[in-house]
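As the structure is a computational prediction, the values presented were derived from the model and not from experiment. Atoms within a ligand are numbered from 1 in the order they appear, just like the ligands themselves.
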Amino acid sequence: VDNRRVLVRVDFNVPLHAGPDGQQTVADDTRIQATLPTLRELLRRNARLVLCSHLGRPDPKVGFDRALSMEPIGRRLAELLELEVRLPDEVVGDGVTKLVNDTRAGQVVLLENLRFEAGEERNDPEFARALAKLCDVYVNDAFGASHRAHASIVGVPEIIHDHAPGLLMTRELEALSRIVDRLEHPFVALVGGAKVSDKLGVLVALTERLVAGDAIAIGGAMANTFLLARGASLGSSRVERERLNDCKRVFDKAAARDVAVLLPVDLRCGGSLTDSVAQVIHVDEGVPEGRMALDIGAVTERLFANTIAKAKTLFWNGPMGVFENPAFASGTMAMAKAVAECPGYTVVGGGDSVAALNMSGRADAVGHVSTGGGASLEFIEGRELPGVTALAAWVDPTFRGTRPVEGDDA
Ligand code: ADP
Ligand code: MG
């Protein structure tokens with residue numbers, strides 16, 4: 001990379017909020033921090049850095065949108081790197097080409113939001129060529145975006161043969177591979193969160209890899225649908241009735257393998273998501289009409305924690321309740337503690353799950369905190385990530401992304 005233009009696809013899709021002066025600022029820079037080792041290493045090796053990322057969901061028909069500009073992210077990155085970060089006001093174009101070609105070794109350019117260009121999500125060959133013209137080497141460090149076959153993820157590495165995974169990408173693949181194909185038993189999957197439909201595929205795929213003694217512990221809104229499938233009354237709780245059959249499939253597959261499916265035995269309920277008092281209800285009594293299950297109860301916390309304590313490998317995705325409201329955060333915080341204290345190898349993935357883990361102050365005690373939500377779930381489900389396949393194609397056509405490259409120092 002010495003004195004060459006290195007395009008690094010990063011995942012700087014971070015939450016923003018308005019600062020005291022009304023200016024947009026980065027609310028949580030975890031994803032920026034996570035890619036610093038790659039950027040520092042490239043700078044140390046005298047690369048001319050060109051960074052690109054998407055941010056939010058701008059309307060590509062509109063193009064530039066001030067509210068989703070990379071500008072606040074560039075400012076935060078400049079602070080973290082203690083370097084000037086040059087910010088063109090577009091993704092590609094004559095101005096960008098000139099700026100990139102004027103960039104010297106050790107200097108950094110951050111392109112505008114990739115999604116200002118309609119060609120990004122469509123993986124348009126012309127847009128991929130325009131990006132490829134900006135570099136000699138391509139590095140993908142955007143694990144969290146690598147489940148999408150977009151131009152900056154798959155189009156560019158098809159053109160630029162000098163390509164490699166970044167250090168964050170490598171770390172993610174290594175960590176998640178320990179759950180996909182080097183699973184140590186007993187394995188515990190702790191799942192929760194809001195949407196059963198998004199996560200059922202992962203649960204079914206996981207169940208198929210489990211053996212007697214493993215366990216799946218289910219909390220959050222996800223548990224409601226599973227409890228309903230077991231015949232419990234859930235009152236006005238959030239449930240996905242069209243998923244009841246899929247829940248039964250999970251029960252059947254788990255039973256056939258002697259895998260325990262743990263569901264809440266007590267629930268903290270409220271009249272609305274913003275209620276400030278939690279009422280404890282035993283699942284056998286049923287949740288009355290007008291009340292909703294918003295967190296797991298204390299007995300369930302102990303039940304889940306006891307199982308977690310015995311895990312050799314653990315994966316956690318999805319909060320146990322509406323943890324954003326302190327009245328319903330207890331279950332999620334108790335699980336953060338249990339996962340942190342688990343002596344086995346632990347992986348936590350998912351935007352809200354990681355936010356909850358950070359809130360608990362226990363992230364340091366977890367084996368791996370994944371920066372990818374959807375990408376980590378698809379990987380665990382056993383699906384190929386297009387971005388990983390695109391990188392591996394020139395190296396080893398049989399590579400499917402679930403095997404770390406031994407002795408590769410990137
Ligand atoms: P992740 O981002 O970690 O993948 P999800 O997005 O699936 O997690 O779920 C997180 C959301 O689920 C949180 O906003 C939380 O408030 C909500 N949630 C958890 N339990 C419940 C519940 N019992 N009822 C309603 N919402 C819930
Ligand atoms: Mg989420």
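With a heavy-atom cut-off of 4.0 Å, M292 does not touch ligand 1 at all. Of all the heavy atoms of N317, the ones lying under 4.0 Å from any atom of ligand 1 belong exclusively to the side chain.
A salt bridge does not link E240 to K199: none of the charged side-chain nitrogens sits closer than 4.0 Å to a carboxylate oxygen. Salt-bridge check for E71 with R75: passed, with a basic side-chain N closer than 4.0 Å to an acidic carboxylate O.
Of all heavy-atom pairs spanning L176 and S376, the tightest one is CD1-CB, 3.9 Å. For the residue pair M169 and S146, the shortest heavy atom distance occurs at CE-OG, 3.2 Å. Between D275 and A327, the shortest heavy-atom contact is O-CB, 3.8 Å. Summarising the geometry of T332 relative to W316, their closest heavy-atom pair is O-CH2, 3.8 Å, with the distance given to 0.1 Å. P37 and A34 get closest at one heavy-atom pair: CD-O, 3.5 Å.
Aromatic ring centroids of F315 and F187 lie 6.0 Å or more apart.
Look at G373 and you'll find every heavy atom at least 4.0 Å from all atoms of ligand 1.
In terms of polar-atom proximity, defined here as any N/O pair under 3.5 Å, E324 does make such a contact with ligand 1. Here's the thing with A194: one of its N/O atoms is less than 3.5 angstrom from an N/O atom of ligand 1.
R122 forms no cation-pi arrangement with F127, by the criterion of a distance under 6.0 Å to the ring centre and an angle within 45° of the ring axis.
When each atom of ligand 1 is checked for a heavy atom of A293 under 4.0 Å away, the hits are 22 (C), 23 (N), 24 (N). Each of the atoms 20 (N), 23 (N) of ligand 1 lies under 4.0 Å from some heavy atom of G220. Every atom of ligand 1 with a heavy atom of L294 under 4.0 Å away is listed here by number and element: 23 (N), 24 (N).
The protein non-hydrogen atom at the shortest distance from atom 4 (O) of ligand 1 is K199 NZ, 3.1 Å. With hydrogens left out, the protein atom closest to atom 21 (C) of ligand 1 is A221 N, 3.4 Å, a heavy atom. Annotation: atom 3 (O) of ligand 1 to nearest protein heavy atom, S353 OG, 2.5 Å. Of the protein's heavy atoms, G321 O, 3.2 Å lies nearest to atom 19 (C) of ligand 1. Of all protein heavy atoms, the one closest to atom 1 (P) of ligand 1 is D352 N, 3.6 Å. Scanning the protein heavy atoms around atom 27 (C) of ligand 1, the nearest turns out to be V322 CG2, 3.6 Å.
Under 2.8 Å from the Mg ion (ligand 2), one finds the following protein N/O/S atoms: D352 OD2.
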| Does the pair R362 and E341 meet the rule for a salt bridge (Lys or Arg N to Asp or Glu O under 4.0 Å), with working shown? | CA-CA 9 Å; R362 302 249 177 184; E341 287 169 0; 3.6 Å; yes
| task | Please report the C-alpha distance between D252 and R249 in whole Å, then the side-chain angles of each, then the deciding distance to 0.1 Å, and finally whether the salt bridge (Lys or Arg N to Asp or Glu O under 4.0 Å) criterion is met. | result | CA-CA 5 Å; D252 291 346; R249 265 172 67 213; over 6 Å; no
| task | Could you please spell out the steps behind the salt bridge (Lys or Arg N to Asp or Glu O under 4.0 Å) verdict for E41 and R44? | result | CA-CA 5 Å; E41 181 60 18; R44 193 182 69 76; 2.9 Å; yes
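Remark: the R48 side chain and the T103 side chain contain no N/O donor-acceptor pair separated by less than 3.5 Å.
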